Number of protein chains: 2
Amino acid sequence: MNRKSTKEHILDNAEKLFARNGYHSTSMRMLTRKAGVNLGAVNYHFGSKKDLIRSVIERRLIVLNKKREELLDQVLARANQSNSRPCPREVLKSFIAPTLEFRDRFPQAAEFPKLISRALTEPDDMVRNMFIEIMTPLFHKLFESLCLALPVLSRTQVYWRLHFCLGSMSHVMNVAERIRIIPEGVEMPASQSQLVEPLLNFITAGMERNP
Amino acid sequence: MNRKSTKEHILDNAEKLFARNGYHSTSMRMLTRKAGVNLGAVNYHFGSKKDLIRSVIERRLIVLNKKREELLDQVLARANQSNSRPCPREVLKSFIAPTLEFRDRFPQAAEFPKLISRALTEPDDMVRNMFIEIMTPLFHKLFESLCLALPVLSRTQVYWRLHFCLGSMSHVMNVAERIRIIPEGVEMPASQSQLVEPLLNFITAGMERNP
DNA sequence: GTCTATAGATTGATAGAC
DNA sequence: GTCTATCAATCTATAGAC
């Protein structure tokens, strides 16, 4: 019955609660009640609440970033082989597709995207800084790839447009399902994966626009 | 010396703390310490913590939305007079310009934009629902104006592109100054107002893109 | 209107039995 | 590894003096 280790069981439930309610609003007792484990066990396995959320985030984010970087490297390699610039849409897609398809690919971790889409605005300094620290190398690589893909734009322009892209993506990940009031005639997607192409259409047009 | 009423003094400090740390991470004691008032006084004036943040948000957001709607009405009226469709960029600008210019216009409320940019992901249901309730009428009006401005797009397409726009804006309001690592050659704007035109360039291109 | 004092519940973390 | 029991701190909210 209990196939997963207690440690993983705690991580799974903590992931859901932190994603839904945020770090500060999730108490250790809420977690132990939901996970059906003992308060002492959490502290035995993770030491502290901060170390727990660190483990929760790293467990998924490092894997996700590996996938993103792998796809980005493929785009860069293809451009290199044909002696051309990387395609802006493909560069953006390497980051966005694995993110919005995450829930379909890992249904057991369906709440995780909410967690990272809120990580940058997390009130707790340690949580926020840990997230930034993990993301920084890939952010730089993504930024430089876009500069290469869009030589007409200044580095400052690319920088802000990249942030606009990340903001759109982040908003979709967290907000899409929280909004209850839908105007007449608007159809909701069955999953976030279906928003990859609409989002790429939108941000690629914004990225490629002449200054 | 103490020109402002105690009530306003509490609101000003609560606004800063809720914006910086979020609702749950801000305790009433943190607030009374910072504001230099008594714990009893807060409860006398506002009744509860929930009623306090409600007052904090309503005080600014209702005024801001009035300004946004006023500008939107002007855009719609101009289109009506010339028997043409409203301009997508102008419609978007009516919402975005007052938002990103808010800090320059009301320096004493400079932290408020952070608060509303996080309101949709607020863990507390009451806070989130109150925000949605206030925003709903204007959101619908904005949505219908964009449908009118972009007859080529389906209502579903307009809906999601509008969310992409709001995500970009929200990200800029909250994240811009939290990020510490800036790539070489990137210049930071002196204020958020300077991002209005770059953001409008970006999202207008995305909005107007052929399906 | 503003204060002190405190109730009553909940928090993160630990000590020690098993 | 897992449990109970408990500490010390913090939380929101209120009662009542001034």
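Chain A is the first sequence line, chain B the second, and so forth, proteins listed ahead of strands; every chain is numbered from 1. The model shown is predicted, which means the values in this text are computed figures rather than measured ones.
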Could you give the CD1-to-C1' distance, from A/Ile10 to D/dT2, as a whole number of Å?
10 Å

N/O (side chain, A/Ser48) to phosphate O (OP1/OP2, C/dG12) under 4.0 Å
no

B/Phe139-B/His163 aromatic ring centre distance below 6.0 Å
yes

It should be established whether B/Ser27 places a side-chain nitrogen or oxygen under 4.0 Å from OP1 or OP2 of nucleotide D/dT10.
no

Please tell me if A/Asn38 has a side-chain N or O lying less than 4.0 Å from either OP1 or OP2 of D/dT4.
yes

How many Å lie between CG on A/Asp124 and P on C/dG12, as a whole number?
12 Å

A/Met28 CE - C/dT10 C1' separation (whole Å)
14 Å

Quickly work out the B/Leu39 CG to D/dA15 P distance and round it to whole Å.
14 Å

Measure from CZ on B/Phe46 to C1' on D/dT14 and round the result to the nearest Å.
18 Å

Report the distance from atom CG of A/Asp51 to atom P of C/dA13, rounded to the nearest whole Å.
9 Å

What is the distance from CD of B/Glu8 to C1' of C/dG1, rounded to the nearest Å?
16 Å

May I ask you to evaluate whether B/Asn43 reaches the phosphate of D/dT14, defined as a side-chain N or O under 4.0 Å from OP1 or OP2?
yes

Can you tell whether the side chains of A/Glu122 and B/Arg118 come within less than 4.0 Å, N to carboxylate O?
no

Short N-O contact, A/Arg161 and A/Glu208, less than 4.0 angstrom:
no

side-chain N/O B/His45 vs C/dT2 OP1/OP2, d < 4.0 Å
yes

For B/Met30 and for B/Gly47, locate the closest nucleotide of DNA chain D by heavy-atom distance; then report the residue assigned to the nucleotide nearer the 5' terminus.
B/Met30

Here's a test of your reading of the structure: between B/Val37 and A/Arg29, which maps to the more 5' nucleotide of DNA chain C?
B/Val37

Between B/Asp104 and B/Ser193, does any side-chain donor sit less than 3.5 Å from a side-chain acceptor?
yes

Check this for me, if you would: do B/Asp125 and B/Lys50 make a salt bridge, where the nitrogen-to-carboxylate-oxygen distance has to be below 4.0 angstrom?
no

OP1 or OP2 of D/dG1 versus the side-chain N and O atoms of A/Thr6: is any pair under 4.0 Å?
no

May I ask you to evaluate whether B/Tyr44 reaches the phosphate of C/dT2, defined as a side-chain N or O under 4.0 Å from OP1 or OP2?
no

Distance check needed: C/dG1 C1' versus B/His9 NE2, whole Å only.
16 Å

